[in-house]
Every structure is written in C-alpha cells, then in structure tokens.
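Just so it is clear, the values below take in all heavy atoms, side chains as well, and ignore hydrogens, waters and symmetry mates. For this chain, numbers begin at 1 and follow the sequence in order.
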Amino acid sequence: MALNQENLDEVKENNQEAIDKENASKHLLVVSHLKKYFPVAKDFFGKPIKWLRAVDDVSFTLDQGKTLGIVGESGCGKTTLGRTILKLYDIQGGNIYYDGKNITNLKSKEMIPYRCKIQYVFQDPYSSLPPRLPIGEIIAQPVRIHNIVAKDEVKKYVLHIMKECGLQPHYYDRYPHEFSGGQRQRICIARSLAVKPNLVVLDEPVSALDVSIQAQIINLLKKLQTKEGFTYIFITHDISVVKYISDEIGVMYLGSMVEKGSKESIFANPLHPYTNALFSAVPVADPKVKMNRIILKGDIPSPSTPPKGCKFHTRCNKCMDICKEVPPCFKEIEKGHFVACHLYDEKKEN
C-alpha cells in the first residue's frame, strides 16, 4: 500500500512538472505550488519542529507586459511571496519558471544573469538607499556591475534613466536624505529599471506616500510599462490602488492565494467571502452611497498554527461544516477566474 502511494505521488509530481513546463513556454513567469516556511521553534539538537507558513502552495502565471496585483491584509505573505520569487529566500517546495527556464534550484552564482532580468522595488525607499552615496552613483553601480553600457557612457545613460523617472539632472550629486518620499521612490524605481529588467516586483511602492504622490508614481509606472514593455508584480493592501494599475489580481490570505482573475472579473464578481470583505472596506467618495460593510469576526490566525480545513473558516460568515475539515481546492469557476472556496464545489461539478 505504501509503495502504491509512493508511485501515485511520483506520477502526480511528474504530471505537474509536465504541466508546468508546458505553461512555462506560454508565459513569462510561472509560479507552481510555491512554499516558503520559516522555522519558529527548534528541538534540543537545533532541528526545526515548528514552521511559520508564510507562503503556502501558491500558483499563478504572468504574461509579458502585464501587471499582476497581489492584495491582502498585512502579514498575509505578500512581501515574502515577492522575495521568494526573486530567490532572496530559500524555497521549501514548488517551482518557479522564468522565460521558460526553471530557476528554482539555481545557486547564487547561477542567478546572477537573472538579477538583471528580475528586479525588486522595496517598500521603504529611505532604508533601501545607501545614505553615503549620491543618487547618480546609486543608479550607476548596477549599470557598471552588469555591463549594461560602456564605461564612458554610464553617466549619460544614468541621466537618461533619471529623466525617464522624473528626476532632474542636477539631482545627480545629491544624497538620499535631501529628497522627499516620492522622489526617493522614483530613485528606487530608476535604480531597478536601469538594468533593463523584464519583470519588476513592486512591494507596496506607494503605501507611505500622499494620495497625489501615489498617483504620480502609478502614472510613471504605467508610462514606463507602455514604453518599455515591463512586466509588474504589484504588491499592495490597497484595493483602490491596485484597480488602476493591474491587469490581473490575486488575493492572498494567511499565506495562500484564495482568488485570482482578471481585474474586470474580480471587481464585477468577487467570489471568495474574504475578497468581498476587502471590497466592502473600500471607502466610496459619495455620502449618498450606503456601504454594506462586512465585519470580519475574530483575529487573523497564526501562520505557524493555521486552522484545519479552510484557513478562513474561523472568520467567515458563510462557513459550512466541510470548511472546518477539508481544505478547498484552487479551481477555475469562470474562464480565467480561480477561487479556493467550498461554496463553489457544486457549481464546478455541474
């Protein structure tokens, strides 16, 4: 019996690998059953005995020139997902395919060519910029390291990138502390785009900025995407922001993706109870519109001890008995619209 189960697992794994390879030939990025766990407790010998499941079995695809918005509450694993895709963290399970190549098990030296192609913009622009270097040198360093242009053309190239990102030429010799939050975020974007990436992971790039500055940064990102064909993963907790920049939206809860679909389908027909709760919290600038706010009961469970069955059942107002015992499968309900919820089991079967 044990042997049969091993054989079944091997067949399932081989089938999934074949599906992933087929998808990898069609999409720029394929993330398949990705897992990232952090040890939170160890035994006497230092062996981990308890894990925090920051990213737990997440799958999605992303096409060239498109934007995927990742939304969810703080602590749901959005940032960890972005950093794991860049392999800034080790991977516990699953696969990552970039441009048709499996980069999951590549070592640090083998990842160097991909560091140009996949870039990351951090949430806090001030802490991610070296304070003792002028911004011209901050942007020029990766250009020199990766030989983007000839050495005698670096400054001219950097000034061009600064202009594209809305930074004046006389900023070249200024230091990060001399800039506002919006300007520092433009510097971070310029540094990332200077190495001509295909894919950029943007980790809440506008969350700490004023509304007017948020609009400037989002318009800048959309303009650069239209001009250069960049592909974005836009991580945020703000539904109203992701609406204007994303082509597709993925909703995360407690390390898992509970819903994914096109922007139009998610906003027109949110399926998961958690997605509906997020949408109900978005303020509407009309005093005549009465909001039917969905108040989630209880606190977010710990990712180190997630609830049995559906992770959301402890806070869900539509919880059924099956939700408390059986984890829901991530399935396609409409074309391109996926959800992990037992409410749609019968609909899918029919």
Side-chain angles (χ1 to χ4, degrees), residues 20 24 27-32 34-36 54-55 58 60-68 70 78-92 94-130 133-151 153-155 157-158 160-162 164-165 176 184-205 221 224-225 227-235:
D20 292 342
H27 307 281
L28 176 67
L29 179 70
V30 174
V31 175
S32 176
L34 188 64
K35 297 179 182 179
K36 174 57 190 173
V55 177
V58 171
F60 64 86
T61 60
L62 182 59
D63 294 330
Q64 176 72 45
K66 301 294 184 179
T67 300
L68 171 65
I70 303 292
K78 306 185 298 295
T79 295
T80 304
L81 173 64
R83 296 187 180 191
T84 306
I85 289 172
L86 266 77
K87 297 201 63 185
L88 301 180
Y89 294 141
D90 294 332
I91 299 171
Q92 263 67 48
N95 289 289
I96 302 171
Y97 291 83
Y98 172 78
D99 199 18
K101 304 290 176 57
N102 190 339
I103 64 172
T104 310
N105 299 315
L106 295 184
K107 297 179 181 179
S108 298
K109 289 185 178 180
E110 296 172 318
M111 277 296 296
I112 291 176
Y114 293 94
R115 294 302 180 199
C116 285
K117 300 176 182 179
I118 311 175
Q119 282 289 302
Y120 198 96
V121 176
F122 293 90
Q123 180 177 356
D124 184 359
Y126 192 72
S127 63
S128 62
L129 295 172
L133 290 179
I135 69 161
E137 183 60 25
I138 290 173
I139 299 172
Q141 274 191 343
V143 174
R144 291 195 193 96
I145 291 171
H146 294 285
N147 298 314
I148 303 301
V149 296
K151 290 183 179 180
E153 296 180 4
V154 169
K155 184 172 182 178
Y157 177 75
V158 169
H160 170 71
I161 294 295
M162 289 173 58
E164 289 291 304
C165 294
R184 284 197 289 263
Q185 197 60 276
R186 288 173 183 266
I187 296 167
C188 291
I189 293 171
R191 179 177 59 179
S192 296
L193 302 187
V195 293
K196 301 181 179 179
N198 287 336
L199 173 64
V200 184
V201 180
L202 301 146
D203 185 7
E204 302 205 33
L221 292 170
L224 292 171
Q225 185 177 47
K227 185 175 181 179
E228 305 292 344
F230 295 128
T231 306
Y232 296 143
I233 296 177
F234 193 91
I235 297 170

Open item on the list: Phe122: which residues meet the ring-ring contact (aromatic ring centres under 6.0 Å, His included) condition with it, sequence neighbours left out?
Closed with: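 Partners of Phe122 by the ring-ring contact (aromatic ring centres under 6.0 Å, His included) criterion, ordered by chain and then number, come out as Tyr120.
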Could you list the donor-acceptor pairs under 3.5 angstrom formed between side-chain atoms of residues 81-90 and any protein atom two or more places apart in sequence or on another chain?
from: Thr84; atom 1: OG1; to: Thr80; atom 2: O; distance (Å): 2.6
from: Lys87; atom 1: NZ; to: Ile103; atom 2: O; distance (Å): 3.3
from: Lys87; atom 1: NZ; to: Thr104; atom 2: O; distance (Å): 2.8
from: Lys87; atom 1: NZ; to: Leu106; atom 2: O; distance (Å): 2.5

Not counting sequence neighbours, which residues clear side-chain contact (heavy atoms from CB on, under 4.5 Å) with [X]? List them please.
X	value
Thr231	Leu28, Leu62, Gln64, Leu199
Pro113	none
Glu204	Lys78, Gln123, Ser207, Ile235, His237
Lys155	Leu159, Tyr172

Are any of the side-chain heavy atoms of [X] and [Y] separated by less than 4.5 Å?
X	Y	answer
Cys165	Leu224	yes
Cys188	Gln185	yes
Leu193	Glu164	no
Leu29	Ile233	yes

Taking distance alone, no hydrogens or angles, what donor-acceptor pairs closer than 3.5 Å link side-chain atoms of residues 139-147 to residues at least two apart or in another chain?
from: Arg144; atom 1: NH1; to: Glu137; atom 2: OE1; distance (Å): 3.4
from: Arg144; atom 1: NH1; to: Glu137; atom 2: OE2; distance (Å): 2.9
from: Arg144; atom 1: NH2; to: Glu137; atom 2: OE1; distance (Å): 3.4

Task: Nearest heavy-atom neighbours spanning Val158 and Gly136 - done: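 Shortest heavy-atom contact: CG1-O, 3.9 Å.
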Task: For the student: nearest non-hydrogen atoms of Ile148 and Cys116, plus distance - done: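 Closest heavy-atom pair between Ile148 and Cys116: CD1-SG, 4.3 Å.
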- [ ] Would you give the length of the straight line joining atom CG of Asp63 to atom CG of Leu68, rounded to the nearest 0.5 angstrom?
- [x]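 Answer rounded to 0.5 Å: 10.5 Å.
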TODO: Can you measure from NZ (Lys196) to CZ (Phe230) and round to the nearest 0.5 angstrom?
DONE: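 Here the interatomic distance stands at 10.0 Å.
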- [ ] Sorted by first residue and then second, give each salt bridge (charged side-chain N to carboxylate O under 4.0 Å, His left out) pair with at least one member in residues 117-127; sequence neighbours left out.
- [x]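 Sorted result for residues 117-127: empty, none.
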Quick one: list whatever passes side chain to side chain donor-acceptor pair (under 3.5 Å) with [X], sequence neighbours left out.
X	answer
Lys151	none
Thr67	Gln225
Thr79	Asp203

Task: Residue pair Asp99 / Tyr114, side-chain donor-acceptor N/O under 3.5 Å - done: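 Absent: no donor and acceptor within the cut-off.
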Open item on the list: So, using salt bridge (Lys or Arg N to Asp or Glu O under 4.0 Å) as the criterion, who are the partners of Lys107 when residues are at least two apart?
Closed with: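 Lys107 satisfies salt bridge (Lys or Arg N to Asp or Glu O under 4.0 Å) with no residue once adjacent residues are dropped.
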